[in-house]
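The structure under discussion appears below in the form of structure tokens.
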Amino acid sequence: MSKSMSMRTFLGVQTGWLVVVAASLLSATAAEAIPPRPEAIEFQPLAYTPPKAADLRKTLPDGTVVYAAESHEFPLIDLTITFKGGDSLDPPELPGLASMMARLVREGGTAELGPAEFDETLDFLATNVSVSASTTFTTARLNALADNFDESLKLFVAMLKAPAFDQQRLDVAKARLVESLKQRNDNASSILAREWKAMLYGRSHFEASQPTETSVLAIGREQLQQIHDRIIHPGNMIVAVSGDFETDAMLKKLAAAFAGWERGPAAAAPVAPTATLAPGLYHVPKDIPQGKVVLGKRAISRDDPDAIPLELLNEILGAGGFTSRLMQKVRSNEGLAYSVRSILSERVDYPGAFQATFESKNPTVALATQIVMDEIKAIRQQPVTDEELETAKQGLIETFPRQFESKPRTLAVFVNDEWTGRPADYWQTYREKVRAVTKDDLLRVAKKHLDPTQMAILVVGDWEAIAPGDLEKRASMQEFFGGKVEHLPLRDPLTLEPLPAE
Amino acid sequence: MRLMVLVGVCGLAGPAAAQQVAVEEFTLPNGMQFLLVPRTDQPNVVSAGWVARVGSVNERPGITGISHFFEHMMFKGTNTIGTGDPDKDRTFRVEQKKVRDRINQIVWTEQYERYRLGEIDDPWDPANDTPQLRSLRSKLDTLIRAQQGRGEAGPATATIVKDEFDQVYTKAGGSGMNAFTSYDLTCYFITVPSNKLELWAWMESDRLNDSVFREFYSERDVVHEERRLRTDSTPTGRFQEQFNSMFWASCGYSWPVIGWPSDLNSYTFEQAQTYWNTYYRPGNLFGVIVGDFDPKQAKAFIKEYFSRLDPGSNKPPPVVTLEVEQLAEQRMNAVGDFPPSIEVRYHTVPAGHADSYPLDMLAEVLNERTGRLYTTMVEGRGIAATASASSDTRKYAGLFSFDATTRGAATPELLEQAWYEELARLQTEEVPERELRKVKNRVAASNYRRLENNMSLLIQLAFYETLLDWREINEMPAKYEAVTAADIKRVAKAYFDETNRSVAIYRRAESEQAAAAVEEAGQ
């Protein structure tokens, strides 16, 4: 509270009056002063140097790495601990175990406090605590008023170190998860996402594997404890802390809080998927007036030398909002979709995917798909224009400072870089790397990574209404892969076993 | 307004000094007002936006959804942006208008009559076109294609520079460019590098000064797809729309923001022009700038660019239709692809009403992990998978709602009873002191949290200024701190009568197989 935003008082009436006078003096010349086009405006140069990880990186006596950044605008402290490994470490028969563990670490109480008492204490302090697991990381976050930080930190570390995994809370969490599994087929978009991941990475790989009612019910406190012990310990964590504190004092506090917490080995790197995508046309039934489509293939891993050219290509093709080709052709020109874009999903340990995704009313799904496929083909045949490349480059370069726009965001970038072994000078030279890309580079990576014959098209929707295509006969689903479609079954929401067609 | 955007104070026992948002207010002679919030914790970027004090509540049957449609039109350019040949482009627009007016006339008369007589199922569906309509539609399509340079004569006829508005910003490092339309306001915003604030002033004042509603006809297909995406193809979309229309009897919140499909097809250029001249004049607009900028320079840019906006002479008409009193409980039973669940909704008060503060606190007592709904329904009795309450106070009216989904064998009716029991407790017993203190602490801390991000502060100022006054962001903490347990008990008794409620029951559709299995088991 001591360093709150400076308070200024403006009396509306007085300010308004001053403005009126000033503006009327200006108004005579204002009209001529306006440049005819935005390009005619001269901008002050904006010198920007990205922060360096080394400047913020500290080490505690026990070896724990802490990234720390002070920020005194608000009396808040944000502490995020990132542990290596998440559902990548689930045993095959218990998909989602790490996620459930994360949930129960937060919900299941500590050695000293029962779960309800723990929650009440935090809530009374107005402290937010969350723990969650993604596929490859588990993250614990504490956000507290600076005055309440010390007490909150004690509770937070006690929770991470020795969670009680209260049995009743576990039962409630499992029952709620089963309820959410029942909703798996309600929304077409969730069917699309689930089946697409299974096609890309294989249904049993952690990228795609999903809990079933049986697997959820099989989770007990023992399994939670086991995966907790693999993930949640100082030998497997990097800390980021930002907000209203003095760095030296904070480091001492953290060292004291972590003292006596046993270090184990860092978790293993995620295992690469072995499945390969089978090109073709696929369909999953869902009775809705709009078909949902995703098409694409596996592409490259994050550190591939083609990564930046492919990122620029993707901006031009479908990631660059209204400026992108897909948006202009499918939405703006033809009005066939509200959202249409292409995405590169980035993976560090194995190739991620390139995919385009959109939705359209049933009769025009084929037409929209054809336009998207044509655009992919075109960008592999003709170089992009100079203007397109320049716009895409300028976009990446000019928005670059936003990567580091807030302290928590900056620290998150550096923590991720350290865990994933990104070169230390990556961000320092990022803009030069973008500038160096040529049209030929883009054509080369398009040819290499976006071969449409190697892609799959997945449609969720009402096939009978979709397959024949539009009224004007501009396109039908016959156009793709010789009209040969593989009908995938909808899966039982609780067992994920294929359902017989209705 | 919802309580999730609360301002407050912190401390464990009573109020401390509230965090003030330092807003510099500033108004041009043409009436356009600006709120400036310079801050430096996020260096090098500025979030900038402006608000038209108009939303779906200002519409009427026949033009429902036009506010949202305008939001789309505002990205289509001016005589400078979005075209390489403004004169030829105007000719295309005039030609298109002639054809589309003709199409509308025919549909509204002939096709609507065929529809009334039961000869066709949808007067707007091209599949039901008469030969004359088909030829007009193809003529319109030809004109649109020629304007876009996709006609038979090829790119030479193009007068449109596609999505140039976005390109200019993209090249300049603009990000997160977007807009939203709600019941009470329409807001347009973007984040730009600090040195590009003048570009923002150029671009925004140009489109406010000179928008030409390019692609006025073809853009409707996009909005139809948006409607299909958000409403028709989501499990509960159309049911929620129906419930909403049932809940509000007379006031302008009864139609969806995106509009009814028939109205979306029907807007005429004249209606758009009138709407524009009424609601998009500087006296009905305000700008908000938050981030790393020099306010002196920002004011110079604002004067230089926004002074060109013509104040116009159409004053926005007042919203006069008040919601009528509800006399009897209303119920809706929905069956579809969704979990069994329930919503119970009550009419309450508009934003700023003295009772809105205790109503917000009432919702807070019920919500969150240690709140009453979670501890009794989700955990204690184990009948709900989720349960929450919300107080939604808008400019002209408000509502309070309870939402929950079932767990296991529990039915929506069981949750409904459980809700009435919670309510009875609030109506008969005052919230204990420590429980209220806890809620106030949480509300107070959220003050700081929600101010951290520039864009989120911009959006909050947009709402406060539209619904009440931007100063509410600084005055609310004291108002929430002042709410007593007796106030909460009083509003719990005042607004939650049976006759004032509407109940939506959602049940999962039995699949044919499941139904067959049940039948078989019964035999």
Side-chain angles (χ1 to χ4, degrees), chain A residues 1 4-5 7-8 10 12 15-16 19-20 23-24 26-27 30 33-34 37-38 41 43-44 46 48 71 73-74 76 119-120 123-124 126 145 172 175-176 179 182-183 186-188 288-290 321-323 328 331-333 335 337-338 359 361 391 394-395 398-399 401-402 405-406 471 502, chain B residues 10 16-17 19-20 22 24-29 41-42 44-45 80 126-127 148 150 162-163 166-168 170-173 175 193-196 198-199 202-203 218 221-222 225-226 228-229 232-233 235 303-305 307-308 337-339 369-370 379 385 407-408 438 441-442 445 448 452 512:
Chain A
M1 275 153 290
S4 57
M5 201 191 260
M7 159 89 179
R8 273 178 263 171
F10 284 91
T15 316
V19 168
V20 172
S24 55
L26 266 172
S27 59
I34 292 176
R37 289 214 27 113
I41 306 172
F43 300 110
Q44 305 258 323
L46 186 69
Y48 178 76
S71 161
E73 191 177 9
F74 299 99
L76 288 169
D119 291 345
E120 281 290 342
D123 221 10
F124 199 79
L145 293 165
V172 171
R176 296 181 75 199
E179 291 302 332
K182 290 179 188 166
Q183 298 171 40
D186 291 355
N187 216 315
I288 44 172
Q290 192 176 51
F322 283 96
T323 298
Q328 288 187 8
R331 170 173 164 157
S332 197
N333 278 353
Y338 174 72
E359 75 294 313
K361 60 184 176 296
T391 301
Q394 282 300 107
E398 290 281 333
T399 55
R402 291 205 73 185
E405 72 175 4
S406 71
L471 213 56
E502 282 196 10
Chain B
C10 71
Q19 183 117 1
Q20 297 284 311
E24 182 170 344
E25 198 178 0
F26 159 79
T27 307
L28 290 175
D41 203 51
Q42 290 180 27
N44 306 307
V45 290
T80 313
Q148 293 172 341
R150 300 189 298 124
K162 268 286 171 183
D163 297 304
D166 185 67
Q167 282 178 43
V168 171
T170 300
K171 226 181 279 184
S175 57
S194 284
N195 62 337
K196 300 285 165 51
E198 185 176 359
L199 176 69
W202 195 102
M203 294 290 281
S218 57
D221 293 337
V222 173
E225 288 296 351
E226 185 178 0
R228 276 183 208 105
L229 174 73
D232 303 347
S233 297
K303 282 177 205 161
E304 185 181 345
Y305 288 97
S307 293
R308 59 172 148 171
D337 292 343
F338 30 66
R369 186 189 302 275
T370 66
E379 221 171 63
R407 176 179 146 191
K438 173 187 76 185
N441 286 347
R442 194 169 65 212
Y448 303 109
E452 286 181 290
E512 283 167 34

For [X] and [Y], which heavy atoms make the closest approach, and how far apart are they?
X       : Y       : answer
E225(B) : Q290(A) : OE1-NE2, 2.8 Å
K171(B) : Q394(A) : O-CB, 3.3 Å
R407(B) : A175(A) : NE-CB, 3.1 Å
A385(B) : R176(A) : O-NE, 2.6 Å
S332(A) : Q148(B) : O-NE2, 3.8 Å
A337(A) : V222(B) : O-CG1, 4.1 Å

[X] side, atom [atom1]; [Y] side, atom [atom2] - distance, nearest 0.5 Å:
X       : Y       : atom1 : atom2 : answer
Q42(B)  : E405(A) : CD    : CD    : 4.5 Å
I288(A) : L229(B) : CD1   : CG    : 9.5 Å
E359(A) : S233(B) : CD    : OG    : 8.0 Å
R331(A) : E226(B) : CZ    : CD    : 7.0 Å
N195(B) : I41(A)  : CG    : CD1   : 11.0 Å
S194(B) : Q44(A)  : OG    : CD    : 11.5 Å

Tell me if a side-chain donor or acceptor on R308(B) pairs with a main-chain N or O of I34(A) at a distance below 3.5 Å.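 No, because the side chain of R308(B) does not come within donor-acceptor range (under 3.5 Å) of the backbone of I34(A).
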Does T80(B) offer a backbone N or O that forms a donor-acceptor pair with the side chain of R37(A) under 3.5 Å?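 Checking the backbone N and O of T80(B) against the side chain of R37(A), a donor-acceptor pair under 3.5 Å is found.
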Pair E452(B), S406(A) - check side chain to side chain contact (heavy atoms under 4.5 Å, CB included), show working. CA-CA 9 Å; E452(B) 286 181 290; S406(A) 71; over 6 Å; no
Could I get the full list of side chain to side chain contact (heavy atoms under 4.5 Å, CB included) partners for S71(A), not counting sequence neighbours?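 Partners of S71(A) under the side chain to side chain contact (heavy atoms under 4.5 Å, CB included) test: K407(A), D41(B).
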List in chain and number order the residues that pass side chain to side chain contact (heavy atoms under 4.5 Å, CB included) with T170(B), two or more places apart in sequence or in another chain; answer none if no residue qualifies.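 Per chain and number, T170(B) pairs via side chain to side chain contact (heavy atoms under 4.5 Å, CB included) with T323(A), T391(A), D166(B).
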Shorter than 4.5 Å, heavy atoms on both sides: which option in T399(A), D186(A), L471(A), L76(A) has the most such pairs with chain B?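 Sorted descending by pairs with chain B, the first entry is D186(A).
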Do you know which of N333(A), N187(A), D119(A) has the most heavy-atom pairs with chain B at a distance under 4.5 angstrom?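 Result: the option with the highest number of such pairs is N333(A).
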For [X], is it the side chain, the backbone, both or neither that has a heavy atom under 4.5 Å from a heavy atom of chain B?
X       : result
E179(A) : side chain
L46(A)  : both
Y48(A)  : side chain

Most chain A-contacting option - heavy-atom pairs closer than 4.5 Å, from A127(B), G173(B), P126(B):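 Sorted descending by pairs with chain A, the first entry is G173(B).
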Quick check for you: among E379(B), K162(B), R442(B), Q167(B), which has the greatest number of heavy-atom pairs under 4.5 Å with chain A?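 Of E379(B), K162(B), R442(B), Q167(B), K162(B) has the most heavy-atom pairs under 4.5 Å with chain A.
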Between D123(A) and R369(B), does the side chain to side chain contact (heavy atoms under 4.5 Å, CB included) criterion hold? Intermediate values first, please. CA-CA 9 Å; D123(A) 221 10; R369(B) 186 189 302 275; 6.0 Å; no
Can you confirm whether K182(A) sits close enough to P339(B) that some side-chain heavy atom of one is under 4.5 Å from a side-chain heavy atom of the other?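 With C-beta onward as the side chain, the pair stays apart.
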